[in-house]
Amino acid sequence: MLLIAQNHLQLILEVGLMLFVTLVFCLNLIPLSLSVVTFLSLFLMGGFTLLFGADIALLVISASQAEFTHPFGPIALLGAVTALASLKVMKESGVDIRPLRRFVILFIGCITIFGGLMHRSFLILWLLGLFLGYLIISKSFREKSVFTMRRILIFLGAAGVGFVLLEVIARVSGMTIFSPLLRMGRIEQYSFSSIKTVLHNIQLIGHNAKASYWGAEGTAFAEGYITLPMQFVLFFGLPFPMFFGVLVNQKDTIDYMLPGIFGWGFDFGILGLVGLMAFVLGTILIGFKILNIYREKREKNNKKYLGREVLLTGALAAFCAQALIGLFVFNRSINGMALLTFIFVGALILANVVTLKSRE
């Protein structure tokens with residue numbers, strides 16, 4: 001009975017532990033050569049290109065969409081950066097990467113367009129993740145940074161043009177979901193009041209019960225403002241409080257577009273927020289330490305860990321980008337299904353710590 005989660009936080013911790021153990025065995029028992037990891041990254045990119053493209057097509061045709069960008073955006077980013085890192089390793093080995101490079105650029109371009117049209121939060125995460133990925137790759141291979149002032153200005157100009165084009169598309173088509181100005185207005189209208197609620201009611205553990213949506217019936221701790229996917233909770237028949245869209249439609253609660261530090265702090269208290277920040281910073285520091293070890297082995301002509309190195313590069317870029325967007329911009333980017341993705345990518349990074357020694 002002790003293993004059965006009693007609240008949302010305990011469920012999150014237990015799922016994280018199970019994912020970590022599973023990925024430790026996967027990384028150590030499955031031969032992750034560079035060719036295998038490259039194929040998997042290309043497969044992921046191709047799959048998400050089709051998935052995001054179908055999602056935006058449904059939105060245009062029937063005004064209905066599944067919004068795959070929130071839960072799977074970081075996984076697509078992991079695949080993209082992993083593919084770029086793989087191309088770099090192959091280029092260093094003298095392999096002609098031009099055919100593969102065309103596919104990678106095509107997939108990146110399509111995912112950028114499809115995902116950006118669906119959600120601006122995804123576009124921010126995607127571009128930030130690619131930027132971090134390029135930085136990690138350039139540092140890992142001791143190269144001069146590819147980001148010059150001219151390229152940065154070109155990037156900012158392209159982002160500005162994209163902003164204007166999205167607003168034009170929204171007004172011409174009458175589909176306000178494409179409008180960046182509408183999204184900014186919603187953040188201003190709803191998130192500021194939610195921040196005020198959090199600051200006035202946050203406690204060391206949980207929050208003031210009077211500020212809870214559930215009122216006197218609530219527990220004032222782990223009430224479902226931050227949770228794993230609802231379908232996941234229902235599948236196991238766990239009697240946890242869940243909102244079923246209330247956070248989206250009823251704005252007197254903690255808004256789903258609130259930065260994650262406020263949503264997490266409100267639901268789990270200051271100690272819960274401190275624990276989250278410790279997990280994020282610890283995972284990033286450990287990940288870069290292991291990546292440095294892999295780089296040293298590669299520079300000594302040890303090719304055993306090339307697959308792990310490029311996979312860890314993609315995971316670090318995806319984890320850092322999702323953490324920054326989820327914690328400081330949109331709560332939704334690390335909540336629900338996206339939280340499961342966040343835990344998965346973090347566990348993938350930490351699983352590199354453990355090496356199972358095979359019997360001789």
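Along the sequence shown, residues carry numbers from 1. Side-chain atoms are counted along with the backbone in the values below, which use heavy atoms only and exclude waters and symmetry mates.
Aromatic pair Phe122/Phe52: centroids less than 6.0 angstrom apart. Taking the six-membered ring for Trp, Phe266 and Phe262 have ring centres at least 6.0 Å apart. Here Tyr213 and Tyr225 keep their ring centres 6.0 angstrom or further from each other.
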side-chain hydrogen bond (donor to acceptor under 3.5 Å, both in side chains) between Arg332 and Asn335, worked out: CA-CA 5 Å; Arg332 193 179 183 187; Asn335 204 354; over 6 Å; no

Stepwise side-chain contact (heavy atoms from CB on, under 4.5 Å) test for Leu340 and Phe344: CA-CA 6 Å; Leu340 185 61; Phe344 170 81; 5.8 Å; no

Leu258/Trp264 under side-chain contact (heavy atoms from CB on, under 4.5 Å): CA gap, chis, key distance, verdict: CA-CA 10 Å; Leu258 192 71; Trp264 191 281; over 6 Å; no

Step-by-step side-chain hydrogen bond (donor to acceptor under 3.5 Å, both in side chains) determination, Ser41 to Thr82: CA-CA 6 Å; Ser41 64; Thr82 298; over 6 Å; no

side-chain contact (heavy atoms from CB on, under 4.5 Å) between Thr227 and Phe243, worked out: CA-CA 10 Å; Thr227 179; Phe243 285 96; over 6 Å; no

Trace of the side-chain contact (heavy atoms from CB on, under 4.5 Å) decision for Lys91 with Phe141: CA-CA 11 Å; Lys91 184 178 179 181; Phe141 286 86; over 6 Å; no

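For the pair Arg102 and Phe107, the cation does not sit on the ring face, since its NZ or CZ is not both under 6.0 Å from the ring centre and inside 45° of the axis.
Using a 4.5 Å heavy-atom cutoff, the side chains of Met337 and Phe72 are in contact. With a 4.5 Å cut-off on side-chain heavy atoms, Leu350 and Phe279 count as touching. At least one side-chain heavy atom of Ile343 sits less than 4.5 Å from a side-chain heavy atom of Leu228. Annotation: side chain of His70 is in contact with side chain of Ser121 (closest heavy-atom distance under 4.5 Å). Counting heavy atoms from C-beta on, the side chains of Ile226 and His8 never come closer than 4.5 Å. Leu27 places a side-chain heavy atom less than 4.5 Å from the side chain of Asn352. Side chains of Val310 and Lys88 form no contact here, defined as non-hydrogen atoms less than 4.5 Å apart. In this structure, Val345 and Ile75 have side chains that are in contact, with non-hydrogen atoms separated by less than 4.5 Å.
Between the Ser212 side chain and the Asn208 main chain, no donor and acceptor come within less than 3.5 Å of each other. Put simply, the side chain of Thr283 never gets that close to the backbone of Gly346: no donor and acceptor are under 3.5 Å apart. Within the 3.5 Å criterion, the main-chain N or O of Val24 finds a donor-acceptor partner in the side chain of Asn28.
Pairs engaging residues 292-315 under the ring pair (Phe, Tyr, Trp, His ring centres under 6.0 Å) rule: Tyr294-Tyr305 [sequence neighbours left out].
The distance from the CD1 atom of Ile97 to the CG atom of Leu87 is 5.0 Å, given to the nearest 0.5 Å. The distance from the CG atom of Leu123 to the CG atom of Leu127 is 4.5 Å, given to the nearest 0.5 Å. Distance check, rounded to the nearest 0.5 Å: CG of Leu77 to OG1 of Thr341 gives 12.0 Å. Here the CE-CG distance, from Met45 to Leu106, works out to 8.5 Å after rounding to the nearest 0.5 Å. One finds the NZ atom of Lys303 at 12.5 Å from the OG atom of Ser33 (value rounded to the nearest 0.5 Å). Separating the NE2 atom in His207 from the CD1 atom in Ile202 is a distance of 10.0 Å, to the nearest 0.5 Å.
Hydrophobic cluster membership is shared by Val15 and Leu13, with clusters built from Ile, Leu, Val, Met, Phe, Trp and Tyr side chains linked at under 4.5 angstrom. Each of Ile293 and Leu306 belongs to its own hydrophobic cluster when Ile, Leu, Val, Met, Phe, Trp and Tyr are linked at side-chain heavy-atom distances under 4.5 angstrom. Linking ILVMFWY side-chain heavy atoms closer than 4.5 Å, directly or via other members, places Leu273 and Leu199 in a single hydrophobic cluster. The hydrophobic clustering, which links ILVMFWY residues whose side-chain heavy atoms are closer than 4.5 Å, places Met277 and Ile286 together. Clustering ILVMFWY residues whenever any of their side-chain heavy atoms sit less than 4.5 angstrom apart, transitively, puts Phe39 in a cluster other than the one holding Ile105.
Contact between Gly307 and Val37 at its shortest, heavy atoms only, is O-CG2, 3.6 Å. The nearest pair of heavy atoms linking Phe236 to Phe232 is CD1-O, 3.2 Å. Contact between Asp267 and Glu223 at its shortest, heavy atoms only, is OD1-N, 2.8 Å. The two atoms that bring Ile334 and Gly260 nearest to each other are CD1-CA, 4.5 Å, heavy atoms only. Among all heavy-atom pairs drawn from Ala80 and Trp126, the shortest one is CB-CH2, 3.7 Å. Shortest non-hydrogen contact noted between Ile111 and Ala76 is CD1-CB, 4.5 Å.
Residues forming a side chain to side chain donor-acceptor pair (under 3.5 Å) with Asp96 (at least two apart in sequence, or on another chain): Arg98.
Around the CZ atom of Arg101, the shell of radius 6.0 Å holds no more than 12 heavy atoms that belong to other residues, nucleotides or ligands.
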Quiz: residues 311-322 side-chain donor-acceptor pairs under 3.5 angstrom, not counting sequence neighbours:
unit_1: Thr313; atom_1: OG1; unit_2: Glu309; atom_2: O; d: 2.9
unit_1: Gln322; atom_1: NE2; unit_2: Ser333; atom_2: O; d: 3.0
unit_1: Gln322; atom_1: NE2; unit_2: Ala338; atom_2: O; d: 3.0

